[in-house]
Protein chains: 2
Amino acid sequence: MKRQTWQREAVRTALGASEGFVSAQHLHSSLREGGSSIGLATVYRQLSSLEEAGEVDALQQDGESLYRACSTDKHHHHLICRRCGTAVEISADAVEQWAAGVAAEHGFTQPNHVVDVFGLCAACTAELTEA
Amino acid sequence: MKRQTWQREAVRTALGASEGFVSAQHLHSSLREGGSSIGLATVYRQLSSLEEAGEVDALQQDGESLYRACSTDKHHHHLICRRCGTAVEISADAVEQWAAGVAAEHGFTQPNHVVDVFGLCAACTAELTEA
DNA sequence: GTTCATGCAAAAAGTTTGCATGATT
DNA sequence: AATCATGCAAACTTTTTGCATGAAC
């Protein structure tokens, strides 16, 4: 059982108050600016812990991890812009089922999958076209 | 126009010879072990350049970037055993189309995707069960 | 001959870890 | 009282950058 500390709650709250994905460092700065004395290492540790607990969603971008409070516990994927990094959540039961089916078909158990779609978002497409 | 150096070609070749995604560091080690005197910084620079040129596909995982040669011909995916590493090639037009559709639906252009399924292969499942 | 890429080493940037202290159970 | 989380600083990993040299145009 995880211990209930004010730091853990602070991270939860700060994440919940943030729009979209936030980096651990940014979260730490926000907390410190808000008067908290929480340490950076603790923010990292809590984020890992919360991710493992399924309370937050993590995504890697530009060499750093970004976190967000997990609204639904439903598994989902991302549609990511190759240029500006914007990420849109996508979900598709069809893909989930296909992955599970393919695994079973080959005798694989405990299936997991990595599904991400990359592309140029509308804004970046426009910018590159007019240039 | 980018200059044509043997290093650029070496990175292209090494990437093409690799199955699946490879890290820059791994690629560099492979090249050095193969007798090349290429520098690590050059591998990073070439990978960035090739990515920008659309010749390679990048994906971030576990705090590092993984790269793969972007084949123009029909690509396939992998069903990989988490324990022994066995990889089975899989292909599914349904998934290809779904990815393209999802991208278009959100205004994304030049879609690309990463789809890999992990699990325990039949052999490893058996081994772990009897143990 | 000029320009640009390379290699090395040093620096950045992000994340993890060791350890003594203090909080939680 | 015993355990586990915290904060700090140092260690680590991956990636980037400055600069002199050498290669490509």
Side-chain angles (χ1 to χ4, degrees), chain A residues 1-15 18 20-68 80 82-85 87 114 116 118, chain B residues 1-15 18 20-68 114:
Chain A
M1 194 56 165
K2 278 275 176 262
R3 264 181 201 185
Q4 181 181 336
T5 62
W6 63 264
Q7 287 96 335
R8 187 174 181 84
E9 196 50 36
V11 169
R12 266 207 202 90
T13 305
L15 257 186
S18 304
F21 287 87
V22 196
S23 72
Q25 314 245 12
H26 185 280
L27 207 60
H28 178 241
S29 297
S30 299
L31 285 162
R32 294 297 274 238
E33 278 168 24
S36 174
S37 63
I38 194 172
L40 177 58
T42 299
V43 173
Y44 275 106
R45 286 190 276 234
Q46 287 298 350
L47 285 172
S48 290
S49 167
L50 290 169
E51 183 190 2
E52 198 172 3
E55 289 191 44
V56 313
D57 206 12
L59 137 71
Q60 314 219 247
Q61 189 151 98
D62 259 10
E64 69 180 2
S65 292
L66 302 179
Y67 303 85
R68 185 179 61 177
I80 304 158
R82 196 156 34 222
R83 186 153 168 278
C84 71
V114 173
D116 284 301
F118 297 90
Chain B
M1 194 56 174
K2 279 275 176 268
R3 251 170 217 196
Q4 182 181 336
T5 61
W6 63 265
Q7 286 96 336
R8 188 174 180 84
E9 197 49 38
V11 169
R12 266 208 203 90
T13 305
L15 257 186
S18 305
F21 287 86
V22 196
S23 72
Q25 314 247 11
H26 185 280
L27 208 59
H28 178 242
S29 298
S30 299
L31 285 162
R32 295 297 274 240
E33 278 168 24
S36 175
S37 62
I38 195 171
L40 177 58
T42 300
V43 173
Y44 275 107
R45 286 190 275 234
Q46 286 298 348
L47 285 172
S48 290
S49 167
L50 289 169
E51 183 189 3
E52 197 171 3
E55 289 192 45
V56 314
D57 215 8
L59 143 70
Q60 314 217 243
Q61 192 155 88
D62 269 349
E64 69 181 2
S65 292
L66 302 179
Y67 302 86
R68 181 178 66 176
V114 172

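Just so it is clear, the values below take in all heavy atoms, side chains as well, and ignore hydrogens, waters and symmetry mates. Convention: sequence-line order gives letters A, B, ...; per-chain numbering from 1.
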Can you name the side-chain contact (heavy atoms from CB on, under 4.5 Å) partners of B:Glu52, sequence neighbours left out?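 Expected list: none.
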Exercise: do A:Arg8 and A:Thr42 side chains pair donor with acceptor under 3.5 Å: no
Atom [atom1] of [X] to atom [atom2] of [N]: distance rounded to whole Å?
| X | N | atom1 | atom2 | value |
| --- | --- | --- | --- | --- |
| A:Glu9 | D:dT6 | CD | C1' | 17 Å |
| A:Arg8 | C:dT25 | CZ | P | 12 Å |
| B:Glu52 | C:dA5 | CD | P | 12 Å |
| A:Leu27 | C:dT15 | CG | P | 12 Å |
| B:His26 | D:dT14 | NE2 | C1' | 16 Å |
| A:Glu51 | C:dT16 | CD | C1' | 15 Å |
| B:His28 | C:dA9 | NE2 | P | 12 Å |
| B:Gln60 | D:dT13 | CD | P | 19 Å |

B:Ser36 side chain to B:Arg32 main-chain N or O, any donor-acceptor pair under 3.5 Å? no
Under-4.0 Å side-chain N/O to phosphate OP1/OP2 contact, B:Gln46 with C:dT6: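 Yes, such a contact exists.
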Do the side-chain N or O atoms of A:Thr42 get closer than 4.0 angstrom to the phosphate oxygens (OP1, OP2) of D:dG7?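 Looking at the OP1 and OP2 atoms of D:dG7, one of them is under 4.0 Å from a side-chain N or O of A:Thr42.
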Sub-4.5 Å side-chain heavy-atom contact between [X] and [Y]:
| X | Y | result |
| --- | --- | --- |
| A:Leu66 | A:Val22 | no |
| A:Val43 | A:Gln7 | no |
| A:Lys2 | A:Ser49 | yes |
| A:Tyr67 | A:Ser18 | no |

In Å and rounded to the nearest 0.5 Å, what is the [atom1] to [atom2] distance from [X] to [Y]?
| X | Y | atom1 | atom2 | result |
| --- | --- | --- | --- | --- |
| A:Leu40 | A:Arg45 | CG | CZ | 9.5 Å |
| B:Asp57 | B:Phe21 | CG | CZ | 5.0 Å |
| B:Leu47 | B:Ser23 | CG | OG | 9.5 Å |
| A:Asp62 | B:Gln60 | CG | CD | 6.5 Å |
| A:His28 | A:Glu33 | NE2 | CD | 10.5 Å |
| A:Gln46 | A:Leu15 | CD | CG | 11.0 Å |

Sequence neighbours left out, what passes side-chain hydrogen bond (donor to acceptor under 3.5 Å, both in side chains) with A:Gln25? Give chain and number order.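 Residues passing side-chain hydrogen bond (donor to acceptor under 3.5 Å, both in side chains) with A:Gln25: A:Tyr44.
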Can you list, by residue number, the residues of residues 30-40 of chain A that have a non-hydrogen atom closer than 4.0 angstrom to DNA chain D? A:Arg32, A:Ser37, A:Ile38, A:Gly39
Nucleotide by nucleotide, nucleotides 20-25 of chain D touches protein heavy atoms under 4.0 Å in the pattern (B base, S sugar-phosphate only, - none) ---BBS
Five-pair end axes of the helix from C:dG1-D:dC25 to C:dT25-D:dA1, angle between them (10°):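 About 40° separates the two local helix axes.
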What protein N or O atoms touch nucleotides 11-14 of chain C N or O atoms at under 3.5 angstrom, if any, and at what distances?
unit_1: C:dG14; atom_1: OP1; unit_2: A:Glu64; atom_2: OE1; d: 3.4

